[in-house]
Every structure is written in C-alpha cells, then in structure tokens.
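Reviewing the structure listed below.
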Amino acid sequence: MTSNLANEPARVAAMYRKMLLIRAFEEAAGESFFAGNVRGSVHQYIGEESIAVGICENLRDDDYLTSNHRGHGHSIAKGAHPRAMMFELFGRVGGTSNGKGGSMHIADFSVGMLGANGVIADGCTISVGAAQAFRLLGKDSIVVNFIGDGGINRGPFMEALNWAKVYELPVLFVCENNQIAATTTTRLVTAGEGIAKRAESFGLPAHTIDGNDLFEVDGTAARVIGEIRNGSGPQLIQAMTYRLRGHFAHDQAGYRDPAEVEAALGREPIARTEAWLRENGMSADEIAAMRAEVDSEIAGYVAEALAAPWPDEGTAFTDVQDVGAPVRGEAVQ
Amino acid sequence: MTSNLANEPARVAAMYRKMLLIRAFEEAAGESFFAGNVRGSVHQYIGEESIAVGICENLRDDDYLTSNHRGHGHSIAKGAHPRAMMFELFGRVGGTSNGKGGSMHIADFSVGMLGANGVIADGCTISVGAAQAFRLLGKDSIVVNFIGDGGINRGPFMEALNWAKVYELPVLFVCENNQIAATTTTRLVTAGEGIAKRAESFGLPAHTIDGNDLFEVDGTAARVIGEIRNGSGPQLIQAMTYRLRGHFAHDQAGYRDPAEVEAALGREPIARTEAWLRENGMSADEIAAMRAEVDSEIAGYVAEALAAPWPDEGTAFTDVQDVGAPVRGEAVQ
Amino acid sequence: MTQMTYAEAARMGLREEMLRDPAVWALGEDLGYEGGMAGQYKGLQDEFGPDRIVDTPISENTIMGAAVGAAIAGTRPIAEMRFSDFAMCAVSELVNQAAKARYMFGGQARVPLVARMPIGIRGGIAAQHSQSPEAWYTHVPGLVVVTPATPADNRGLLKAAIRCDDPVVYMEHKGLWGVAGEVDEDDQEPVPLGVARIARAGSDVTVVSWAAQVAVALEAAESLAGEGISAEVIDLRTLWPWDREAVLASAGRTGRLLVVHEAVRVGGFGGEIAAEVAEELRIPVARLGGARIPIPFSVPLEEAYKIKADRVAARVREMLA
Amino acid sequence: MTQMTYAEAARMGLREEMLRDPAVWALGEDLGYEGGMAGQYKGLQDEFGPDRIVDTPISENTIMGAAVGAAIAGTRPIAEMRFSDFAMCAVSELVNQAAKARYMFGGQARVPLVARMPIGIRGGIAAQHSQSPEAWYTHVPGLVVVTPATPADNRGLLKAAIRCDDPVVYMEHKGLWGVAGEVDEDDQEPVPLGVARIARAGSDVTVVSWAAQVAVALEAAESLAGEGISAEVIDLRTLWPWDREAVLASAGRTGRLLVVHEAVRVGGFGGEIAAEVAEELRIPVARLGGARIPIPFSVPLEEAYKIKADRVAARVREMLA
Ligand SMILES: Cc1ncc(C[n+]2csc(CCOP(=O)(O)OP(=O)(O)O)c2C)c(N)n1
Ligand SMILES: Cc1ncc(C[n+]2csc(CCOP(=O)(O)OP(=O)(O)O)c2C)c(N)n1
Ligand SMILES: [Mg+2]
Ligand SMILES: [Mg+2]
C-alpha cells in the first residue's frame, strides 16, 4: 500500500535524511569499533533504516519506544541525539547514560526512548506495563515495541501479546523480520506460518509489509498507530527486511550466501528512497549535498567523542539506588 | 467422534472402574485433608476423570506423562498405585516419594509418570526435552503433557509448542479446559479464540473435544497418539471439562454460580459412562458392587496410611545429591 | 492500639497508600475475589476497581515485566508473585531490568516497584512453595530487600516499600499471615527502611534474625534468661540495606554474635553478617540456618529442617561455654 | 603437555566426553556455525551432527527445561546459556525443577545436566552481560557449582561435570576464553569436583579465590613476595562443594584469611567462606569483592569496579600490619 507520503516530497526528503543519519551513524560506529575506540557489541541497523524511520515518523514525543539489542536506529528515529549516542558508544561524559550503558543500553527518556535492551524480549513485557501506566494516568500515548524474528520465540514476548490484548492496551509490536538471529536462520527454529499468524491467534490484527519500502511502512504505521490511539487495542506489524551486515560489527557473516546479500542490496531502503526522490524532483547534487552534510555531522560527533572527557571513576557509584546506595571503601565494597 | 471402544463393553467397564478409583481417591484425599491427616494443597480431579483415563488408556508404560498441580488423576490413570499415592499424601514411609514430595510431587517413574509439578507450565519444557531424549536414545516412546487452561498463558508452555514442532518431537499436549484457574475465569485473561488456534499457529494439529465423553477422549487419543508414534510430530488436544469442586480442598468455590455447577453435574463423566454401561448390559448390582469394591479399596489405603510409620527424620537429608550432599550437624548446616 | 494479624496489617498499609496516591496499584493472580493468598488484598478490588487491583493471566514474566514498565512510566506497581518460588519465573525482569534500569540509563529511569514475594515454610507445601531466597536479592545492586516480622512492621514497611523510588523485594513470611499483634492505627508513618529493631535487650550475646525466626530467637532468649543468660535479639527488618551500625554496636557490647535464619545456611545472608562482624570486631560469631536440602513435605522431615528455639539456645550456650 | 586456550581446552573436554558417551549432547543458540561464543563448540556439530549439538530457538526457559527433561529421561545434556545473565531467564527450570526433582520424587529421578553459564567481565559488555551470580547457586540444595580458572581445569572439570549424576552449574569466566595454559592431552581423567588447588604455597596469609580472580591473587602474591610477605593462593575450583578442609588447613597454618572474588561483595560467596573460617578458627578474616553496583560500560568505570592485584596486596599488608 502507499500513503499520502507520496504527495509530500519534502517529508520524504526529511525521512530520507534521517535514514542517512542512521546509516552514517552505524558506519561510523563500526569503524570506531575497529579503530578500538568503541568497545563491546555494536549491532548495526544497516539496511533496516526505513522501518524505524517510517514507524517513528508517526509517533509523538510522549509516545514510548522500547527496543532490543539493535537499538541505534530506533533511538535516532525516535529523536535521541546522535551526538549523545556517539558519546555513549565511546563511553564519555555527555553520552546518553554518561558512559554507564553503552551501545546496548542507549536511552533518551526526554523523547520517550525507554532504552535498548541486552536481554531479548524483556522489552516486550516492559512495554505492556508502560501502556497500562498510560491508562492509569489518563494519557493517550501509545507504546511501540521493536522485536526481532528471533526474539519472537521467547516466552515473555508471547505472554505480552496475550496480556496486551486481554487489557486492550495501546501497544504496537513491530517485528523486524530480517530472517536471521545472529547466525541462525530463523525459519529453521520457528514453527508454523510465522509471527503474523501467531499474533492473530492472540486476537491482534497483524500486518506484514515490506519494511524496506518507506512508503509502505509510513502508510501502515500512520493508519495502525491512529487506530491504536483511538482504542483499537494492540496490533502487530511484521516488517520484512534484511540485515546487510553481520550480527554485530565483529561478525564477518561468513555463513551468508553472497548471492543473497547481493540481491538484498538491490532492495535496500536508502537506495530505493533515493531513487524515488530523484524521480520526484530532487537533484543528484542536492542528494550528494545532503549525504555530505550528514556524513560530516556524524564525523564531527566522532571527533568530538574522541576528544570528550572520560567519566570520573567516582560516577561508577552513583545512580544505583537511594536507600542502600553503595558507599566506596572496603567496608561495604 | 466415537471409537471402537463402543464395541468393547469390557474395556469400558475397566476404564469406568479406573474413573471410580480416581473419584474415590480424591474424595478420600479431601476428607483426609479436613480430618487433618493430609497437609498442604490437595487439588482434586473430580469431574475430569474421563480425560486422564481416556488418554492414558492409549499409552504404554514406557511412554512418559508430565503433570501439573492437579496430578492425582493423571498418576492413577498412568498406572501409579493409589496405595503408594495415599501414603505420600499422608507423608508416610511407603509413599511414592516416602513423604518428601506430597500431593504436588506425586511421581512413579516405574510407569512413566514423571511427576506432578508445583510450578505451572514448567512441565511443558521438561516434556519436550524428554521427547528429545527418546529420539537420541532411539526409543519410539512418546510424552504426554497435561496443562490447564490457565497454564496456557505462561511463556514456557508457548515456547514448548514452538520447540516441539521445530524438532517434530513425539509430544502430545493435553489442555484440560475446565474454564477456570483457581478463582479466575480464564476467558477473561485469555485473548483470542483459545488454545486450539494458538497451537495451530505453531503448526500443531489441535483437536477440541468433550473431555467428559470417555468415548470421544479414547477415540481421539487412540488416533492422535498413533499418529504421533508414527512420526506426525506434536499435536494438541483441548479437552473441554468442568472442575466440580474448589481449586483445592480448602476452597469452597463461593465464586461459582450454583446453576452452572448444577448444569455441569449433568455432564459429569462418571454418570455418563455409567449410563452407557447400564444400556450396554451392566446391571445396577454389578455397578454397585464395583463402586463398593473401589470405595473399600481406597478406604483400606486410608486406614493403612494412617497406621503407616512416619519417615525417620534422618531421611530428610538423603536423595539431595551425590557430590556435596548435606552432612548433618552445625558445621555444614 | 489495635490487635490485627500480619495479613490484615499489610492490607491496611496497602489500602492507606492506595488512598494516599492514585499511582499505587497492584497486579497478580487472583487478587480480586480471593483477595490474595491470605486476604492481604481482600476487598480492595471492590474499593479501588479492577484497574488498580488487577487480576492477571498466569504470566509471571509479564507480571514482573509489566510492573517494571509501569514503574518507569510513572506509577507505583506492586507485583504480587504469591510465592518467592514463583518469582523465580521472573528473575530476569527483576534483576536484569528493574534493578539495573536506573543505572544503565545513567539516572534517566526510576523503577519504584514492589516485587512482593512471600517466603518460608507454612507447613506441608514442600520444595516448590517454601523457599527463602532473600540472600539472592541482597546480592543484586539496585534492589532493596525487606523481611517484616510483625504485623506493625508489615504495615509500616510495606508503606515504606511502596514510597521507595527504587525497586523493593518485599518478602512476607507465609508462616506469619495469621499471627496477631499490636498496630497503632493512628500512626500512618512508614517504618524507615534500613533500621533494625531491638526486639529484646540483652548483654551476653547478640542474636540477629528476621521474619519468622525472630519469634524463635525471642523464645530462645526467654528460656536462656531462666538460666541467667542475657541474649539481645535484633530483628533486622531490612536485609538490604541492613543496619550494620546497630548490629556492630550490639555485638560490640555483648562480645558474641549468632545469626539465625530459616533459609539454607550455605550461601545465606547470615554469612554476610557474620563475616562483616568478624572482620570488624574479631569476636566469636556463629550462624544457624537450614540444612542444604529442599524443603520436605512430611511433618517429621519438615520439622527436621526447622531451626527451633532449643537449637538456638543450645548454640548460645556453646558460645558461652 | 600442550599449550591451548581455556576455550580450546573446554572444547577438547566436551569432545572427549561426547566420544566416550553417546548420551552426551548440547543445546543452545548458535552452537553450530558459530561454535559457541568463544569457539568452545567449534566443529562439534559437523562431527556429531545436529541432533547432538542442537541449535535452538531463542527460548531460554526451554533450553533449560528441555535439558531437565532430557536428563531425567536418561541423557546427559549440556544447556548452553551463553551468559549467566541470560540464565536468569530460566531460574525456575534450574532451581525449582533440576535441583529438586531427585529429592521431591524420593530418589526416583536423576538430573545429570550441565547448566553452562559463563560469568564475569569481558570488557565493555556492561550490566546485562557481565554478572557473576555464582553465590546464588551455592545457596540452592541439589546443585553443584563449578568455576574453572585454568585451561586444564576447564577441560577436566567440564568432564567431571558431564559425568556428574546431579545438576551442575558450570561457570566459565568470559575473561579467560583466550588465556592459554598447559594441558596434558594424554591424561583423560576428569578433575575431581570439590577439591581445591593450591595455586601458590605460602605461610603468612591464605588468599582464597576462583575463576579470573585467581590470576589476580597470584599477581598480588608475586609482588608481596618481593616485600618478604608469603601469601598462599588457593584456587577453589568448585564453590559447592567447596574444599573446606583445604581452606581451614591453610588458614590454620597461615593464621589469616582473605577471600577475593569479582562478584559483588555483599551477599557474595566470600561471606560463606570468611564466616566459616571465623567460626572455626577465630583468625583474622577479610573479603574483597565488587562494589554493590551494576557493571558499568565505560573503561574507567568498569576499571573502578574491578579488584586489581594492587588492592589485594594492599589488603594483605593491612592484615599483617
Ligand atoms: C534472552 C537472550 N538470549 C540470547 C541473547 C543473545 N542474542 C543477542 S541478539 C540475538 C539474536 C537476535 O535475533 P533477532 O531477534 O532476530 O534480532 P536481530 O539481531 O536479527 O535484529 C541473540 C541470540 C540475548 N541477548 N538475550
Ligand atoms: C508459575 C505458577 N504461577 C502460579 C501458580 C499458582 N497456581 C496453582 S494452580 C493455579 C491455577 C491453574 O489453573 P489451570 O492451569 O487452569 O489448571 P486447573 O487448576 O484448572 O486444573 C495457579 C494460579 C503456580 N503453581 N505456578
Ligand atoms: Mg532477526
Ligand atoms: Mg483450569
């Protein structure tokens, strides 16, 4: 399906820019990882940008988003600042968590981004609870939970589907189906016809779309999120996509069929959106300029992050809890 | 559907006797609880006897059964001896666990009864693993897991459905749908069209039957268990039934609509089977005799259990583990 | 002063907090009609409605996980797990999420939830319904751990737990539900977290305990008094933070420390207290706790597991010998 | 003798047991192509097939629960949880089922599974991928808890864990995967469970540790030696059962005990050891463990959490002062 987005080249261009920002952020994160400036696991969102951007385009700041391990794209799309995110990846003061969380725990509560999550599917149950709180507090906000096609096989996600429908909560589950979980082809460990049928068996309307088609994502999100905000109860969108890189930066994905990757490149969202923009009046120069602008913006954040101060080791002992907070020194340590 | 069981009055009579045995056992267990001779939670199977008997009639001793908190009926049907079971409820030497387990942990491995379980749905994942072991060991046995209509909303059960189908394991899930979970009407906390649709969404054939109809249970079980043993992969039977008593002995079920209970009594399996037997050549005297025989058998076990010795307190410290076993006395205790 | 049971006092405390703050709510199985395992929620669904006393599916992961989300989103949920044994079905939600969110997100999140999970032996409910895993949660940064021993504390500490801005593991002892005690209805103040209670003053030995074992320790102290041995009994009330100063002060005075808990002795919280006191004061320390066995069902076996007053008294005599 | 890494040695031990006993198998995520987080399963799926090295869905409850059922049914499964943090998604299966089945069923069941759940800091994987919850499992009757510190032990103890007829929580330290050491390929014998290793003999103080902290303790002992302080370093190897006799004998000789672990100090297993030694020997005891904070991500913060050799040495000096 298409949305009125097709009539709004300017909005497409803005969303395209956000996709470029995510792509550039992820490329820079990967390079910084290999340069030894970023530690830990860096799960890149490369090739899936249109999903987060298309969904979040239809959210308000007071709507919540819960993510998983692959959360950079979700965060930027929801409005988290890539500068603070880059600082967090570098573990510096000024990072979204001032260095306490890192890539797998990016969060920006000021824009309703409740956090990436290192434990698959734990974000799903958190989401339904947040939606329950909205109801108690009389807010008309909704919660969007991103889950992978591997994550759908965890019990907490399935419990959350039932729970969300039992209480008719304003929750949108978005399953990003890139057909793989780390090195495992999810088809081989997923019984039945897939997540759409499962969601329907819990009474949730399920919509399977081409996640790499920005227009289809935006159109579906606009309609579904509108319905949820108007009380439709929970729904699920299965966005078909493809993970163009390894599971994380240090995975060369040798288990991948090169032909498959080749084919996927032809469907990747940025090129597709770019082609549409070219056909709809944006010049090659304008696009090149936008790309250059985005690349230098991200490059600037990397440079700033590298120069930014490390957190004082004393901050390791703050933000734990009020009562019973850690006291440094032998006795309680 | 009906099975050839209708042509075998003798087999019907034998199964009817087993149902009477379960009923008598549960009545005695309840009375013993109120008499103060049995402690803890006694979850009676009264009104659901035809399910366990009809299913287990089609199992072999080397097939496994995993149960839940309401396991007395499952155990007797699978071949556990009611005498040892009664001793266990009384906490005496000679009980199935020599008093270590009690009602919620009845087990008889000699007949493939792998145990009741105090944690809802934990038996489901145990079941798929046991089936995986059968495959590794080259056995053609199957595993039957009993789960309640409340238990289906726990994640581990849903994970187990997917898992069983992914590996095409010889597992039969039997959902005993008595429409209630403790004091909660499960319809109110179960989204969608129910367990059959859910199981189908995982690729499992699902069969909804009248669990109080012994003939339908036996017929369905015979066919389905045969298919599973021949490699059909996992299947699910939803047996509709009704819990005639409270959740456990000390629950007066005041939340129940008396009219509903009244109506349910008209559908209860023992009376229905008895009516069939009367129509098919069994006399009232024969039935009365059988009832009397069963009642006195159970009464005898109660008397024996009351007189049986309590376990020596020293046995509290055995059966824990080999390496690192508990040593009595201050130092390690 | 009014006499009421441990369960009634908890109900009173919860009701007071629900009246005081509309953001306080509870979720769990069978809270409405049943009113909780011991009536600790009785009538509250009628009073506050099904959106604040929520009957849930049997979905432990989601009861805890939803509480985390609801707490982060600005409410104060009480996740009723019925038994600490069932709470073991939701450890990731409590330990990986609730306990760490505030820290991982650099202080952006607050998780004011109460993970309510009764512990202990009630009699004949065996291995999967009788555990006392409180030591686990003291080991988890971000969590507060509370173990009330009296009706008054089960009202006042529950109120404090609900008002706490961080996740609190609230562990009532199932054996105490029906125990009655004095409660001052007029005093609406919470009992502060982290402050121990001297349950009985004494001078020869300090006996530290919590939950149901406090009564056992007091019984032992009473019988020891008859022999001229003066035991001071401390009810810790909160295990994290535990009242280190009060325990060290008492043990410093008496010169001997005995920790008594129902939980398994190996790896129990008694080790933390005994080790801490031994490190600080170099005085004789001892621990009494359960044998490293699952809780058995049969009466004599269950009795064999329990730490009775006579064993506590005997251990004290040994220490004084 | 051959030089190999901690991960390679584990792979060798598993392969030997799989060759020896067809009932031994492993299940978990990404064991086939990936060969496990550190290659500890590399090539084994090709050698033994997908039914013995099973790639599973992301279903932690079922990975552990299926292992329980498969163990009860006569096989010897290794449930690979990847991180002890993820094993927190399957605590009921391990603690309520695996640990108790034998007991609850009066000895009818045996549950010979290995719950393999690596612990510890590897560097920059933060709060949900770096925990060390070994103390929890020592507190659970029915479980054996193993924490190998060297390549040779990671081969020999894994073999012993696989052969054990009761559930074993096998906790490799993620920081040790790439550490190389001597392994005697010809010696196929398991390393016995419950027997500590004197990593370095000494006479002034006994330093007890396990897993990655053993190397830290040895480094401290080395520097202390330069000051004429002789520290005995004990690698506990198995936390339950722990080698009480060896520790008491050593501490009795040296007259001082220091326990060092990476896990959070509060509620850590160091409390059990220190308390036990203090009760038995009345000698100075001390503990070093992590601060009660989640593991932070950034380098300086993570470093601030760690117990380094200089802190161990300083603590020993204090004890001798
Ligand atoms: C409970 C849990 N189990 C396992 C992991 C390890 N893990 C991290 S990402 C991942 C694969 C996830 O695949 P999918 O859900 O499809 O998301 P994708 O990576 O494809 O975006 C796994 C197994 C984890 N983080 N949490
Ligand atoms: C994980 C877990 N949560 C809660 C309970 C408490 N509980 C015991 S039985 C029961 C109701 C079960 O209902 P259902 O599955 O329908 O079985 P039924 O009792 O109707 O046979 C509950 C909630 C439990 N034993 N385990
Ligand atoms: Mg995927
Ligand atoms: Mg039911």
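All values below come from the heavy atoms of this structure, side chains included, with hydrogens, waters and symmetry mates left out.
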For chain C, which of [options] has the most heavy-atom pairs under 4.5 Å?
options: A:E159, A:H105, A:M158, A:K100; value: A:E159
options: A:V128, A:N162, A:V143, A:N117; value: A:N117
options: A:D122, A:N98, A:L114; value: A:D122
options: A:C124, A:A107, A:G123, A:G101; value: A:A107
options: A:P156, A:A116, A:S141; value: A:P156
options: A:V323, A:V320, A:D322; value: A:D322

Please classify the contact of [X] with chain A as side chain, backbone, both or neither, using a heavy-atom distance under 4.5 Å.
X: C:N61; answer: both
X: C:I63; answer: both
X: C:E279; answer: neither
X: C:A109; answer: both
X: C:W242; answer: neither

Looking at A:W310, I'd like to know if the NZ or CZ of A:R92 sits under 6.0 Å from its six-membered ring centre while staying within 45 degrees of the ring's axis.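 Yes - A:R92 lies over the ring of A:W310, closer than 6.0 Å to its centre and within 45° of its axis.
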Relative to the ring of C:W210, is the ring of C:F269 parallel (under 30°), tilted (30 to 60°) or perpendicular (over 60°)?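 Answer is perpendicular, since the angle exceeds 60°.
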Evaluate the side-chain proximity of A:M104 to A:H43: yes if any heavy-atom separation is below 4.5 Å, no if none is.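 When only atoms from C-beta onward are counted, A:M104 and A:H43 do touch, with a gap below 4.5 Å.
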Is the distance between the ring centroids of [X] and [Y] under 6.0 Å?
X: A:F87; Y: A:H81; result: no
X: A:H74; Y: A:Y45; result: yes
X: A:Y64; Y: A:F134; result: yes

Top of C:V168, C:L143, C:L193 for chain A proximity - count of heavy-atom pairs under 4.5 angstrom: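 Most pairs with chain A among the choices: C:L143.
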Who wins among C:G106, C:C164, C:A98, C:P22 for the most heavy-atom pairs under 4.5 Å with chain A?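 The answer is C:G106.
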Please report the shortest heavy-atom distance between A:S103 and A:L89, naming the atom on each side.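 Closest heavy-atom pair between A:S103 and A:L89: CA-CD1, 3.8 Å.
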At their closest point, which heavy atom of A:T125 faces which heavy atom of C:E93, and how far apart are they?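 Result for this residue pair: OG1-CG, 4.1 Å.
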Below 4.5 Å from any heavy atom of chain C, which atoms of A:Q132 appear? Answer side chain, backbone, both or neither.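 Contact with chain C is through the side chain of A:Q132 alone.
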So what's closer than 4.5 Å to chain C heavy atoms on A:A121: side chain, backbone, both or neither?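 For A:A121, no heavy atom lies under 4.5 Å from chain C.
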Check for a donor-acceptor pair, side chain of C:T238 on one end and backbone N or O of C:G194 on the other, with a separation under 3.5 Å.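 Side chain of C:T238 to backbone of C:G194, a donor-acceptor pair under 3.5 Å: yes, one is there.
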